[in-house]
Protein chains: 2
Amino acid sequence: MPRLVDVAEAAQVSVATVSRALNNSRSVDPVLADRVRAAAAKLRYQPNAIARNLRRRGTRVWALVITNINNPFYTALARGVEEAASELGFSVLLYNTEEDEARERRYLDVAAQERVAGAVVVPRANNSEVSSLLAAGIPVVVVDRRLDRGGDFVTAASFEGAVTATEHLLHEQWRRPACISRPADTPTAEQRRQGYQAVVDRHGLPSVVCQIPFHAEEGVAMVDELLDGQEPPDSFLTVDSMLALVVLHALRHRRLRTGRDVGLISFDDAAWAQAVEPPLSVVAQPAYEIGVAAARLLSERICGSFDETGPRTVTMSTTLIVRGSSRRPPSSHG
Amino acid sequence: MPRLVDVAEAAQVSVATVSRALNNSRSVDPVLADRVRAAAAKLRYQPNAIARNLRRRGTRVWALVITNINNPFYTALARGVEEAASELGFSVLLYNTEEDEARERRYLDVAAQERVAGAVVVPRANNSEVSSLLAAGIPVVVVDRRLDRGGDFVTAASFEGAVTATEHLLHEQWRRPACISRPADTPTAEQRRQGYQAVVDRHGLPSVVCQIPFHAEEGVAMVDELLDGQEPPDSFLTVDSMLALVVLHALRHRRLRTGRDVGLISFDDAAWAQAVEPPLSVVAQPAYEIGVAAARLLSERICGSFDETGPRTVTMSTTLIVRGSSRRPPSSHG
DNA sequence: TTGTATGCGTTATCAA
DNA sequence: TTGATAACGCATACAA
């Protein structure tokens with residue numbers, strides 16, 4: 001690969017002039033600049049980012065650490081981050097932790113070693129450690145799941161969304177809603193569970209919570225168990241779209257239909273939500289916008305415009321979208 | 001951030017020894033090595049990958065260029081690439097082109113400038129240019145969509161998969177299958193269309209092809225138009241799962257039911273395929289495995305073990321999974 | 001405005 | 001086995 005010196009030689013100028021011309025920094029004679037650009041083009045010169053980074057003491061790369069790339073919520077978020085990053089001139093390193101602590105730790109260390117300019121992180125749990133980044137002076141924007149000690153934070157209003165969803169179920173006259181959630185150390189899932197709990201408590205209804213591990217094959221079996229219980233739930237709030245699929249699967253086995261025999265509402269407006277019959281009611285999160293917002297905060301921190309500002313929190317509101325799956329037909333009341 | 005010299009000072013040795021101890025290269029006195037490791041730990045030393053890369057003249061980073069991160073097929077593929085890369089000690093830069101030529105070009109240039117060790121690329125079209133990478137001596141593994149001039153290539157058997165799917169539709173006694181595809185410069189979509197075409201041609205049936213742009217809002221309208229035609233199709237083969245959603249949407253409007261009024265089979269076994277009623281028949285592609293295979297080829301090229309070997313092609317076979325949506329009930333024959 | 005020369009933090013070569 | 005030192009390719013301070 002051609003280097004700056006090669007371009008300099010071809011253009012009959014010094015490396016400094018080439019550097020200046022190519023980075024259009026300061027004043028450089030238009031004639032020389034043209035000669036340099038021509039030479040660079042002819043040689044197909046691509047600046048060496050490694051050397052540039054070393055000299056500038058910083059990369060143009062962000063780390064994006066997510067827990068599950070198969071979850072459409074996170075891919076939408078990733079799209080937002082990547083798009084915003086790209087517009088700001090940053091590349092994005094993708095790290096998929098698969099909800100695994102060891103992997104998360106390793107990835108955060110690697111990101112620190114790569115000297116990323118900043119990181120957007122969905123922590124596995126609320127006690128995850130982003131200190132290797134912070135200690136290196138690398139700004140971190142925590143996303144989706146709150147962190148005990150982190151930097152800026154962007155999330156959706158999980159508690160409120162769950163409250164709205166649960167109240168909606170009750171309003172539809174369902175009387176035994178269950179909450180299908182995730183392990184209790186998953187901040188967002190836990191907040192949604194609490195929102196659900198607050199509502200059923202207030203109505204003096206029993207709380208039925210099922211916490212399904214992320215990698216569980218037995219998710220369907222766990223819901224089955226619930227349905228086999230003495231007083232099975234008559235409706236469900238699932239805290240992510242993959243759990244909605246689990247519930248739908250369990251219901252199908254028993255020929256139970258949503259929007260008639262049981263109620264169902266889920267977090268996340270998945271692409272398929274309107275393809276099932278009846279269409280799935282959801283609490284939609286602005287996943288893409290969350291990603292973009294995180295990117296904005298990160299870029300501000302990197303520019304140093306908010307050096308003295310403490311951690312900022314951006315909470316996006318969720319949207320209740322009532323479709324068919326949560327409705328209770330009049331005939332089945334009581 | 002502490003540097004090698006800081007560790008050296010703390011451990012009372014030279015930088016060379018620190019470097020050797022930390023990279024456990026060559027022989028270094030166990031006592032000194034311990035002292036070095038202790039000092040490094042105490043200082044929370046994180047090696048500076050930028051400097052290391054400059055010195056070693058190469059990064060431990062791959063570029064992954066995909067066209068649409070919202071397509072579950074590509075996220076599954078990305079997961080495969082990322083996971084394999086991580087095991088091999090590489091980080092992955094994610095570039096999402098959104099099927100946009102200019103973005104693709106820009107991303108490939110940036111990747112070249114970042115001096116990635118290799119790239120896994122889903123080209124937008126068959127005339128996409130990966131030359132900026134190849135010219136830089138960066139190995140490229142092309143994935144999913146064939147490229148006129150590229151490196152190694154990993155894909156699924158699109159033509160054959162489409163043949164199988166179309167034959168299945170005919171076997172179920174559907175008589176006017178349509179192919180819902182993508183613009184003709186999308187290699188994989190085009191191969192699937194050709195597979196479909198080969199079968200209908202052989203049976204003397206009319207070919208009904210609808211090419212829906214990637215970002216089209218009017219997808220549903222285009223399918224509507226098909227259904228409004230003089231002799232509307234009685235069944236559909238969609239070349240990706242997002243098109244299946246489009247068709248399902250159009251059918252719902254007309255209260256047409258798959259597996260009864262019309263037949264439907266789609267490429268890609270999306271997570272929701274079994275959640276619709278009836279469950280969706282699909283031609284499954286091993287997306288994750290394609291990603292892993294691409295990673296393997298790339299790593300072999302990087303190691304230089306296949307320097308003299310010409311471009312290799314790996315074709316994974318697809319799997320026909322017949323569920324309910326493609327069935328034609330006996331009552332509706334003829 | 002241009003050129004020379006230095007240093008960014010490592011690794012690797014070479015001599016001790 | 002260890003240490004001093006020279007690159008790696010670029011950006012910039014400084015001198016011209």
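Residue numbers begin at 1 in each chain, while the letters A, B, ... track the order of the sequences.
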Using atom [atom1] of [X] as one end and atom [atom2] of [N] as the other, report the distance to the nearest whole Å.
X: A:Arg3; N: D:dC8; atom1: CZ; atom2: P; answer: 7 Å
X: B:Asn23; N: D:dT2; atom1: CG; atom2: P; answer: 15 Å
X: B:Asp29; N: D:dG3; atom1: CG; atom2: P; answer: 10 Å
X: A:Ile50; N: D:dA11; atom1: CD1; atom2: C1'; answer: 16 Å
X: A:Met1; N: D:dG9; atom1: CE; atom2: P; answer: 11 Å
X: B:Arg60; N: C:dT10; atom1: CZ; atom2: P; answer: 18 Å
X: A:Arg52; N: D:dG9; atom1: CZ; atom2: P; answer: 15 Å

Does atom CZ of B:Arg106 have more than 12 heavy-atom neighbours, drawn from other residues, nucleotides or ligands, at distances under 6.0 Å?
->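 Enclosed: over 12 neighbouring heavy atoms sit under 6.0 Å from CZ of B:Arg106.
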Does A:Gln113 CD have over 12 foreign heavy atoms under 6.0 Å away?
->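 Buried by this count: over 12 neighbours within 6.0 Å.
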Looking for any heavy atom pair under 4.0 Å, which part of the strands does [X] touch: base, sugar-phosphate only, or nothing?
X: A:Thr17; answer: sugar-phosphate
X: B:Leu54; answer: base
X: A:Asn53; answer: nothing
X: B:Leu32; answer: sugar-phosphate

Side chain of B:Arg55, base of C:dT10: donor and acceptor closer than 3.5 Å?
->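 By the distance-only test, no, there is no pair.
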Does [N] have its OP1 or OP2 closer than 4.0 Å to a side-chain nitrogen or oxygen of [X]?
X: A:Asn48; N: D:dC8; result: no
X: A:Ser14; N: C:dT4; result: no
X: B:Tyr45; N: C:dT10; result: yes

Proximal nucleotide (of [options]) relative to the [X] side chain:
X: B:Arg57; options: D:dC8, C:dT10, D:dA11; answer: D:dC8
X: B:Ser27; options: D:dT1, D:dG3, D:dG9; answer: D:dT1
X: A:Leu4; options: C:dG9, D:dC10, D:dT2; answer: D:dC10

Pick one: which of B:Leu93, B:Val92, B:Thr97 meets side chain to side chain contact (heavy atoms under 4.5 Å, CB included) with B:Tyr95?
->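 It is B:Leu93; the other options fail the test.
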Supply the atom-to-atom distance B:Ile66 CD1 to B:Glu98 CD, rounded to the nearest 0.5 angstrom.
-> 9.5 Å
Minimum heavy-atom distance between B:Leu43 and B:Ala10, given as atom pair plus value | CD1-CB, 4.1 Å
5'-most contact on DNA chain C: B:Gln46 or B:Arg20, nearest heavy atom basis?
-> B:Gln46
